[in-house]
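Quick notes on the structure that follows.
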Amino acid sequence: MRTTTRRLAGDEVTINYVESARDLHAFDDFLARGDKVLGLDTETTGLNIYSRGFACRLVQFGNRDTAYVLRADMFEKAIVRALRQPRHFTLHNAPFDLQVIDHDFGVTIEELGPRAFDTRIMAHLLDPRQRHEGGTGLRLKELAEIYVDPTVPDTEKELHAIFRKEYKATRETGWALIDIDHPVYVEYAGLDPLAARRLFDELAPMVRDLGLNHLSQFEHHLATLLALLQRKGMLLDLPYVEKLTGDLAAEAAEHEARAARYGVANVNSPVQVASALVAMGEELTEETDGGALKVSKEILLPLADLDLQWERMESREPNPLADAVAHAKRAGKWGKSYAQAFLDLRDPDDRIHPVIGGLQARTARMSVSTPPLQQLPSGDWKIRRSVIAEPGNLIIAADYAAVEMRVLAALAEEPTMIEAIRAGEDLHSFTAKMVYGPDFTKRHRKIAKAVGFGKVYGGGATTIQRQTGAPMEQVREALAGYDATFPGIKRYAKKLGNRAEYGKKEVVTLSGRHLPLDRDRIYAATNYVVQSTARDLLAQAIVDIFDAGMGDLLRLPVHDELIAEAPAADAEEAIHEIGRLMETPDFYGVPIVAEPEVYGPSWGHGYGAPA
DNA sequence: GCTGCGTACGCA
DNA sequence: CCAATGCGTACGCAGC
């Protein structure tokens, strides 16, 4: 045994590095001490659990004052034995370690998940804000320095320095290269479960005292289910993705070469693009937040005589540089962020396993990363076509119909809006009819729709004008008409604003989630509570679908929809059942409904990919 | 080589 | 005051 001591929150703590089988007796004695909850953590070669070459290197257990650090390759049996004891563990960001342990030790997510506490979940319930948003932050280091010990070391940062200096490695590669018994590596590995356990001891009572135990249990259960989705992943059409990647790279290069003829060496440099356009005589008037000339897609496409669907408008002579830059950037983005990312992140079976952040945004909205499957281009099927169902299966999906509008109507108890929804009206058309009369036009509906979204997002007349291109006069008329038609919405926003102004700077959702508000953006309260409530509906649906025994069909949440797959013969029935499970027929008087659809053999088949 | 910031772009 | 919300990723650029 190699034992080191150090101080943590004024106490002496001991970190034991197990060197031989003889040392395991001491580990067993430690396990027999009767801790109801042990801190648990792993050190791995990287973050992509399912990529070739990934391995768990260390597994660490700790209570408040003693940690044991075990090599994964030498002490697998002892680790598995410890994990299978009837005991709870506390981890920070448990889904990662649960999958590592499932992947490398065969102690499954199903087995360990129900016995895992996650301090990240607890912290999110107490304050969902990142550090830069004024919150506690959600990283172990950030939370530990607030709740455990302000001098707790930044283990990641210090290890990165060692990777550089001693191993000529980067922050990415160092985790696999550092000597497994490197004293700093071992000490920091051991420190994390101690911090996790001490953090748990602080946060758990706070969660309980705020009456958040029920919500906490729900989020823990959901997190385990989402870890199952990540473990399952989604299959790629590899030959298709390889060709797509090559095609997009070639397309980007071709347009980059066109841009270079106008002196733009780098299409991703806004400064270069702006100065070249100005030199060609184009007038750039819009500015970025930082005061630079704006050359975003919204600026470039009109200069290239293209509308936002990239169709020729015949409104002017197209600027060839604007055209080249816009095309080059789109091909570059699609190629690098999506197609190439699919290839880089795939496992040996050509599946991708996106990280699903089940409790991510301030509003608890979920995120999906590596790769970002919630953000694949939707106006074109080419990227989504890369993701396919397993042989014999079809991709199926169900999405909520205008869920945020419906949630808003319910929460605000807006009688006219509720009535319109219950009558099956298209809400934007209904608004247009109320504002402009029965002879409203398509343009009127577009404005009404923008106003509806503006209300959900807390936007104002300027934004709606920019979005619709309508004259300010008409926008103001539509806003006034909306308020007259749906007075409950304004009243609700006012109520939330008043409570925040004179009470706590937060909104509380039906699920009991506290959402802090920024003092200079109190108006965001309506959006927060609507967005968060819509998220909770989707989260509950995922739980319900698992409870109904259909969880193994699920693949991915996308804010207001669920992507799944099922054997071709059952696909229609399966997605109807999933859609039914998503629905809440009477959500405070408002029907929350889902629309099921069988896409086909690929995700792209729901977006127009040829059969 | 890394970090932070700004800009841009993809989605709901 | 009358305000668009929430994310993840890539890249350029400046500074360390």
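Residue numbers start from 1 in every chain, and the chains themselves are labelled A, B, ... in the order their sequence lines are given, proteins ahead of strands.
Taking atom CD of residue Q531(A) and atom P of nucleotide dC11(B), one finds them 17 Å apart after rounding to whole Å. Atoms CD (E404(A)) and P (dC7(C)) sit 13 Å apart, rounded to a whole Å. Taking atom CD of residue E172(A) and atom P of nucleotide dT3(B), one finds them 10 Å apart after rounding to whole Å. In this structure, the CD atom of E158(A) is 14 Å from the P atom of dT3(B), given to the nearest Å. Distance, I489(A) CD1 to dC2(C) C1': 17 Å, rounded to whole Å. In this structure, CG of D520(A) is placed 14 Å from C1' of dA4(C), rounded to the nearest angstrom.
Using a 4.0 Å heavy-atom cutoff across all strands shown, V295(A) reaches sugar-phosphate atoms only and no base atom. If you check every strand for non-hydrogen atoms under 4.0 Å, R535(A) touches nothing. Q360(A) comes within contact range of the sugar-phosphate backbone alone, with a heavy-atom separation under 4.0 Å but no base atom that close. Using a 4.0 Å heavy-atom cutoff across all strands shown, K455(A) reaches no nucleic acid atom at all. Residue contacts for L373(A): at a heavy-atom cut-off of 4.0 Å it reaches no nucleic acid atom on any strand shown. G379(A) comes within contact range of the sugar-phosphate backbone alone, with a heavy-atom separation under 4.0 Å but no base atom that close. T170(A) comes within contact range of the sugar-phosphate backbone alone, with a heavy-atom separation under 4.0 Å but no base atom that close. Backbone-only engagement by G290(A) is indicated by non-hydrogen atom pairs under 4.0 Å involving sugar-phosphate atoms exclusively. Counting any heavy atom pair closer than 4.0 Å across all strands shown, R365(A) reaches a base atom. Residue-level contact check: G458(A) touches the bases, meaning some heavy atom is under 4.0 Å from a base atom.
Taking side-chain N and O atoms only, S378(A) has a distance below 4.0 Å to OP1 or OP2 of dC11(B). In terms of phosphate contacts, Y528(A) brings a side-chain nitrogen or oxygen within less than 4.0 Å of OP1 or OP2 of dG6(C). Taking only side-chain nitrogens and oxygens, R521(A) comes nearer than 4.0 Å to OP1 or OP2 of dT5(C).
Between E404(A) and R365(A), at least one side-chain N (NZ, or NE/NH1/NH2) sits under 4.0 Å from a carboxylate O, which counts as a salt bridge. Taking the charged nitrogens against the carboxylate oxygens, D118(A) and R120(A) have no contact shorter than 4.0 Å, which rules out a salt bridge.
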Reading 5' to 3' through nucleotides 9-16 of chain C, protein heavy-atom contacts under 4.0 Å coded B for base, S for sugar-phosphate only, - for none: BSSSS---

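Of the candidate nucleotides dA3(C), dA12(B), dG10(B), dA12(B) has the atom lying nearest to any side-chain atom of Y457(A). Candidate nucleotides dT5(C), dC7(C), dA4(C) were compared by shortest atom distance to the side chain of R362(A), and dC7(C) ranks first. Comparing dC7(C), dG10(B), dC2(B) by their nearest atom to the side chain of Y338(A) picks out dG10(B).
In this view, H124(A) satisfies the side-chain hydrogen bond (donor to acceptor under 3.5 Å, both in side chains) rule with no residue, not counting sequence neighbours. Residues forming a side-chain hydrogen bond (donor to acceptor under 3.5 Å, both in side chains) with E145(A) (at least two apart in sequence, or on another chain): R131(A), K141(A).
E242(A) contributes atom CD, which lies 12.0 Å from atom CG of D247(A) (distance to the nearest 0.5 angstrom).
A donor-acceptor contact shorter than 3.5 Å links the side chain of Q272(A) to the backbone of N266(A).
Between H559(A) and L479(A), the residue anchored closer to the 5' end of DNA chain C is L479(A), taking for each the nucleotide with the nearest heavy atom.
Below the 3.5 angstrom threshold, one finds no donor paired with an acceptor across the side chain of Q375(A) and the base of dA12(B).
Side-chain contact annotation: D536(A) with S511(A), donor-acceptor N/O pair under 3.5 Å present.
Note: H353(A) and Y50(A) have parallel aromatic rings, judged against thresholds of 30 and 60 degrees for the angle between ring planes.
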